[in-house]
Amino acid sequence: MCGITGIVAKSNVNQAIYDSLTMQQHRGQDAAGMVTCDGRRLYLRKNNGMVRDVFHTRHMLNLKGRMGIGHVRYPTAGCSSSAEAQPFYVNSPYGITLAHNGNLTNGEELAHDLMSADLRHLNTGSDSEILLNILAHELQGVGKSREALSVADIFRAVAGLHKRCRGGYAAVAMITGVGILGFRDPFGIRPVIFGEKLTDRGREYMIASESVAINALGFDVIRDIEPGEAVFISAEGELHTQQCADKPVYAPCIFEQVYLARPDSIIDDISVYKARLRMGESLAKKIQRTWPEHDIDVVIPIPDTGRTSALPLAYELGIKYREGFIKNRYIPRTFIMPGQNVRKKSVRQKLNAIELELKDKNVLLVDDSIVRGTTSGEIVQMARESGANKVYFASAAPPVRFPNVYGIDMPTVEELIAHGRSEEEIAQAIGADRLIYQDLDDLIEAARAGNPNITQFDTSCFTGDYVTGDISSDYLDRVSSARNDAAKHAHETEDESLIDLSISDRSV
């Protein structure tokens, strides 16, 4: 779950990329980076931290050029090392930089092939670096000078990349002095969209993970990049698109609609806000169907992502809706925080209960989902400490029982509270008097109602059915060993001594 952006404009793009990254800060709070191109010179700045902390005035002044790409990161696996901050850079051929959202499911195999057969060096454990080197190798095979490189050559390179890479990925890449390339995996798992803006100087183009970034900068959305498709914008501002995969399938990640995306975004022609409203409505109908004699006094959302579903749920049930928790907006999203102890502590720092709305009442707490259960358990306890009589909990998503392997750092199976437990056992584990989960069919319908042309979603974290068809138990075991909190802590210690070749604050 990272955020990417790329812009080709008629004036300096540094401020526009900065603004785009801040609009996508919710997609990654671990690191941020930007690279711009001025003629054939690249200027790169990246580091750990939020966008506002990574880019200061002195950095912005040095980021020259009318095209560039940017990235906000959270670690899919491994650590929070600045060496893995993006964009990544390779000098051959042409000088290519890349920013990526997603995860390659055959990354280990590709890394071996790159180093043994393609004779390329990898300096990090990031599959974004693998993706960049695959693209570079495919372009190297074209065997043409920069001046002779054609759009068809670039699209052929993406087609070659699709043949080699498996998993979920959306990426932007910049070929120095040539243009910016955006592409999406053949299943369309991770989101990416592009837009345009007509200025006095000519037409400008932008690529981003979410439409909210495009709208906020005054661009008009053209459309989502289709599964397997590539979009190329030349340095002169000419737009080209082409399908580069043999058999693309539209199967976007439904967890974008549940939690990851901002509610004011439109992902794959689906309004995230409207989808979450429908989730609340269907959840209310389930309560009416399965618990008609409920004694709920008040519906209280868990801010922020639970709010959109909680409001129609309360309306449908005819129960008053109240804000019972106030959020400290300066605490990052606990879902993407490394380490269980840090997450648990941050819940109390992030939310403060309003005792007047909880005391002596039977409350229904509504959240977007339950993953580890850390946040849910702490919030249930906070409600009880504030005097709630009974505490019920509703999830706008079904039980998360399986890890996500396509770019969301969901924990290992052992760390998922729903894995191997019944709903009654989960309710007991988080301390709730009753737990109501969304049915999967209702969740799919809530999303599909926004775009009936999508007949399939990636719902693997709920079902264990992975759309790419290449996920084995051995692979999941390797993911587990890399993603558990103990492994992440070990990686953080290791990476203090990692050689950082990121060229993080100077021209290339």
Side-chain angles (χ1 to χ4, degrees), residues 1-3 24 26-28 74-77 101-103 105 167-170 184-185 187-192 209-210 212 224 227 250-263 265-268 270-280 282-283 302 304-306 308-309 333-337 366-373 375-376 395-413 415-419 437-451 454 456-468 471 479 483:
M1 192 186 81
C2 299
Q24 299 181 94
H26 61 286
R27 298 191 68 86
Y74 94 113
T76 302
N101 172 32
N103 186 57
T105 56
Y169 51 90
R184 191 178 188 186
D185 70 80
F187 290 88
I189 297 172
R190 299 265 64 87
V192 61
S209 291
E210 293 190 31
V212 65
D224 297 276
Y250 220 145
C253 174
I254 205 165
F255 213 73
E256 292 281 351
Q257 303 291 334
V258 171
Y259 173 83
L260 301 183
R262 277 180 48 150
S265 280
I266 296 177
I267 304 285
D268 294 305
I270 301 170
S271 165
V272 176
Y273 177 74
K274 292 286 190 181
R276 290 177 185 170
L277 288 177
R278 291 188 289 268
M279 291 174 203
S282 60
L283 195 54
I302 308 306
D304 284 320
T305 44
T308 313
S309 294
R333 302 176 94 175
T334 51
F335 175 82
I336 60 177
M337 282 183 172
V366 181
D367 207 352
D368 56 85
S369 59
I370 304 171
V371 182
R372 294 174 178 88
T375 300
S376 305
S395 167
V400 177
R401 302 189 187 277
F402 303 92
N404 183 285
V405 300
Y406 301 127
I408 307 174
D409 192 23
M410 285 183 177
T412 63
V413 164
E415 294 169 347
L416 291 168
I417 195 167
H419 186 79
Y437 273 112
Q438 184 86 262
D439 291 336
L440 180 59
D441 288 344
D442 289 339
L443 174 63
I444 292 171
E445 184 55 36
R448 273 198 75 244
N451 183 0
I454 297 178
Q456 181 181 0
F457 287 92
D458 171 57
T459 59
S460 54
C461 59
F462 307 123
T463 65
D465 182 15
Y466 297 94
V467 295
T468 54
I471 305 303
V479 168
R483 285 188 182 180

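On a predicted model such as this, the values are computed, not experimentally measured, just so you know.
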- Under 3.5 Å side-chain donor-acceptor pair for Thr105 and Tyr466: no
Flag the pair Phe462 / Pro399 as yes when at least one side-chain heavy-atom distance between them is below 4.5 Å, and no otherwise.
no
Exercise for the section: Would you indicate whether the side-chain heavy atoms of Tyr74 and Ile408 approach each other to under 4.5 Å? Expected result: yes
- prompt: Sub-3.5 Å donor-acceptor pair from the side chain of Arg262 to the main-chain atoms of Gln24, do we have one?
  reply: no
Exercise for the section: May I ask you to decide if Met279's main-chain N or O and Gln438's side chain share a donor-acceptor pair within less than 3.5 Å? Expected result: yes
Do Leu443 and Pro398 touch side chain to side chain, with heavy atoms closer than 4.5 Å? yes
Closest non-hydrogen atoms of Ile189 and Gly167, given as atom of the first, atom of the second and distance, are CD1-O, 4.1 Å
Between Ser395 and Ser369 the two heavy atoms that sit nearest each other are OG-CA, 3.4 Å
_Note, Thr412 side chain near Pro403 side chain (heavy atom, < 4.5 Å)_ = no
Taken to the nearest 0.5 Å, the spacing of Asp458 CG from Phe255 CZ works out to 11.5 Å
**Asked** With a 4.5 Å heavy-atom cut-off, do Asn404 and Ser460 have their side chains touching?
**Response** yes
When rounded to the nearest 0.5 Å, the distance separating CG of Asp441 from OG1 of Thr459 is 10.0 Å
Residues Pro191 and Ala170: closest non-hydrogen pair is O-CB, 3.7 Å
Distance col, row Ile370:CD1 vs Ile302:CD1, nearest 0.5 angstrom, shows 10.0 Å
Taken to the nearest 0.5 Å, the spacing of Thr463 OG1 from Phe457 CZ works out to 13.5 Å
**OP:** Taking the side chain as every heavy atom from C-beta outward, state whether Arg278 and Arg448 have any atom pair closer than 4.5 Å.
**Re:** no
The reported gap from CG in Asp439 to OG in Ser282 (rounded to nearest 0.5 angstrom) is 8.0 Å
The reported gap from CZ in Arg184 to CG in Asn101 (rounded to nearest 0.5 angstrom) is 10.0 Å
Exercise. Taking atom types as modelled and ignoring hydrogens, do the side chains of Asp368 and Thr305 form a donor-acceptor contact shorter than 3.5 angstrom?
Worked result: yes
Worksheet item: If only atom types and distance count, is the side chain of Asp224 paired as donor or acceptor with the main-chain N or O of Asp268 below 3.5 Å?
Response: yes
Residue pair Leu260, Arg190: steps toward the side chain to side chain contact (heavy atoms under 4.5 Å, CB included) verdict:
CA-CA 11 Å; Leu260 301 183; Arg190 299 265 64 87; 3.9 Å; yes
Looking only at heavy atoms, the pair that brings Asp185 and Gly168 closest together is OD2-CA, 3.5 Å
**Report entry** Heavy-atom side-chain proximity of Ser265 to His26 below 4.5 angstrom
**Finding:** no
Tightest non-hydrogen contact, residues Tyr437 and Ala397, listed as CD2-O, 3.2 Å
Exercise. Please walk me through it: do Val272 and Gln257 pass side chain to side chain contact (heavy atoms under 4.5 Å, CB included)?
Worked result: CA-CA 5 Å; Val272 176; Gln257 303 291 334; 3.7 Å; yes
Nearest heavy-atom contact between Val405 and Asn103 is O-ND2, 2.7 Å
Quiz item: Do Thr308 and Tyr273 have side chains that get closer than 4.5 Å, going by heavy atoms?
Solution: yes
Between Val371 and Leu416, is the side chain to side chain contact (heavy atoms under 4.5 Å, CB included) condition met? List the steps.
CA-CA 6 Å; Val371 182; Leu416 291 168; 3.8 Å; yes
